[in-house]
Amino acid sequence: MAKQWWKESVVYQIYPRSFNDSNGDGIGDIPGIIEKLDYLKELGIDVIWLSPVYDSPNDDNGYDIRDYQAIMDEFGTMEDFDTLLEEAHNRGIKIVMDLVVNHTSDEHAWFVESKSSKDNPKRDYYIWKEGKGDQPPTNWESAFSGSTWKYDETTGEYFLHIFSKKQPDLNWENEDVRKDVYDMMKWWLDKGIDGFRMDVINFISKDPRFPDGEVHPGKQYGDGGKYFMNGPRIHEFLHEMNQEVLSKYDVMTVGEMPGATPDEGKLYTADDREELNMVFHFEHMDIGGGELGKWTLNPWKLTELKSILSKWQYALEEKGWNSLYWNNHDQPRVVSRFGNDAEYRKKSAKMLATCLHMMKGTPYIYQGEEIGMTNVAFDRIEDYEDLESLNMYEERVNDFGEDPGSVLERIHHRGRDNARTPFQWNAGKNGGFTDGTPWLAVNPNYTEINAEEAVNDPDSVFHFYKKLIELRKSNEVVVYGRYDLLLEDSEAIYAYTRTLDSDQLLVLCNFTGEKQTAQLEDFAGKSGSVFLTNREGDVVDAEDLKEVELEPYEAIVFTVK
Ligand code: NOJ
């Protein structure tokens, strides 16, 4: 397997709106990020993935872009961006930008022209269709509730928006669209950025037949997913983008890909196919869902989590490369979801970090994960900002007559604002995020959970992440070793090995609040020295790995002798 810098890197995601506010307007900004680069340097990360900082009316917090080559006023200026890039590079940190090109904002100049008349040269930059009688062209449901089509009076046609009404989908069948996107990408790469995280990039090729989707029980609209995810020309488009743009630079790429399977993941990321470096799949994020997707709260099983992650590890072992993540700006906080955010918050946050970072792939840390930030539960729907949650609330309460309290409970568990509450820097006012009024309330637990406390405490989650990053840098087996799952049927322990030539690591993670014993017959007679653990107090090497006791939420990694 070819060695690459992006395989050896750890990426840190910044959601600028919630990271650090430098001017007291309650909104995080680029100068605020610059102030915290030394903090990130201390953590030891190699790459920052910056969620969108482009000019945007903020219907979806910057994932609706009005101008790809301008910076959002609230975040600063292009000069600020250039300083950020330079200051990051001075510290040996690379910057990867979000590339949102499945759709633009409806305020983007292309769309303004496109909707102005049927014969405007930009008409075909978007997907316009006639309705079926008084119905939209298909029955597809938008990711943010309601139909994916909006009727436009001016020309009497509908345009497609898989996300909000203010996020019309670009028409990638149009060569001029592709060329304009590639030129824009080159403009940023020539500035010196180090790659792209590509927003829902497997949605850019739509099934040209536009069939109706199946209407699942409890739903008003049809599921169009299979007609716009991993569509017929997706590999052609990505290969073209690679040849026209990416192959000309030494950069990293990661494609966000809801609905991608391991087989597809291999096609997207195998070196010789010249598409992308890695993908974000959603299979492990989707566990515990149900009829209403993520809004159905079902219990999840460790065996299911292991089987999904292992399937991806095996599929991309020879060809391709995995991304590793528990969190991002769209997901609830992992310590609240798969750990225990009360009694065992620190312990379980470290266990989850171990479990993920010891796998094969490039790990991503989402801001606040490194200090064990948790979900938030606001009492009132008015305290939430995310349009996905607000639209869902309105639909379930108004159209389906559901109890507002139970809908709110789903938002507590699964809503995206869990990840978006401001970063907790210290125990001062607003957690040190802003001197003004934060755009979204700070999680009230900032007095206890904050970066200052974590940096000062050598046993903190922060120092544990730092150690994980250091170990990756000094042990090739962590980066390139083969992954093999053990104890497949255990609902309590996630166990696996990583093997590179004669080096072997044994990773044991207890996902429960009870003591567990790992029975490892295959390791009888082998001893292990402790490589890493979240155990407090004295840590002893194992004379025989046949049987290993694990305390609640304990993680131990042994070097097998
Ligand atoms: C995925 C992004 O991560 C999410 O935040 C956004 O709402 C949608 N794509 C639409 O851009």
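Start at 1 and go down the list; that is how both ligands and their atoms are numbered.
Of the candidates Asn102, Val200, Asp330, Asp60, the one placing a heavy atom closest to atom 4 (C) of ligand 1 is Asp330.
The aromatic rings of Tyr364 and Phe280 sit perpendicular, their planes meeting at an angle over 60°, well past the 30° parallel limit. Using cut-offs of 30° and 60° on the angle between ring planes, the pair Tyr68 and Trp110 is tilted.
With a heavy-atom cut-off of 4.0 Å, Arg197 touches ligand 1 through its side chain alone. When heavy-atom distances to ligand 1 are checked against a 4.0 Å cut-off, Arg420 comes that close only through its side chain, counted from C-beta outward. Neither the backbone nor the side chain of Glu388 has any atom closer than 4.0 Å to an atom of ligand 1 (non-hydrogen atoms only). Under 4.0 angstrom from ligand 1, the non-hydrogen atoms of Phe144 all belong to its side chain.
When only non-hydrogen protein atoms are considered, atom 1 (C) of ligand 1 lies nearest to Asp199 OD1, 2.9 Å. Considering only non-hydrogen protein atoms, atom 8 (C) of ligand 1 sits nearest to Phe163 CE2, 3.8 Å.
Side-chain atoms of Glu369 come within 3.5 Å of backbone N or O of Tyr366 as a donor-acceptor pair. Panel note: side chain Ser147, backbone Trp149; a donor-acceptor pair is recorded below 3.5 Å. Formation of a donor-acceptor pair under 3.5 Å by the Gln167 side chain with backbone atoms of Ser164 is found in this model.
Ligand-side atoms of ligand 1 in range of Glu256: 1 (C), 3 (O), 9 (N), range being under 4.0 angstrom from any heavy atom. Each of the atoms 10 (C), 11 (O) of ligand 1 lies under 4.0 Å from some heavy atom of His103. Against a heavy-atom cut-off of under 4.0 Å, Arg416 is close to the following atoms of ligand 1: 4 (C), 5 (O), 6 (C), 7 (O).
Contact annotation: the side chain of Lys360 approaches that of Trp321 to within less than 4.5 Å [non-hydrogen atoms, C-beta and beyond].
Rounded to the nearest 0.5 angstrom, His284 NE2 and Trp326 CH2 are separated by 6.0 Å.
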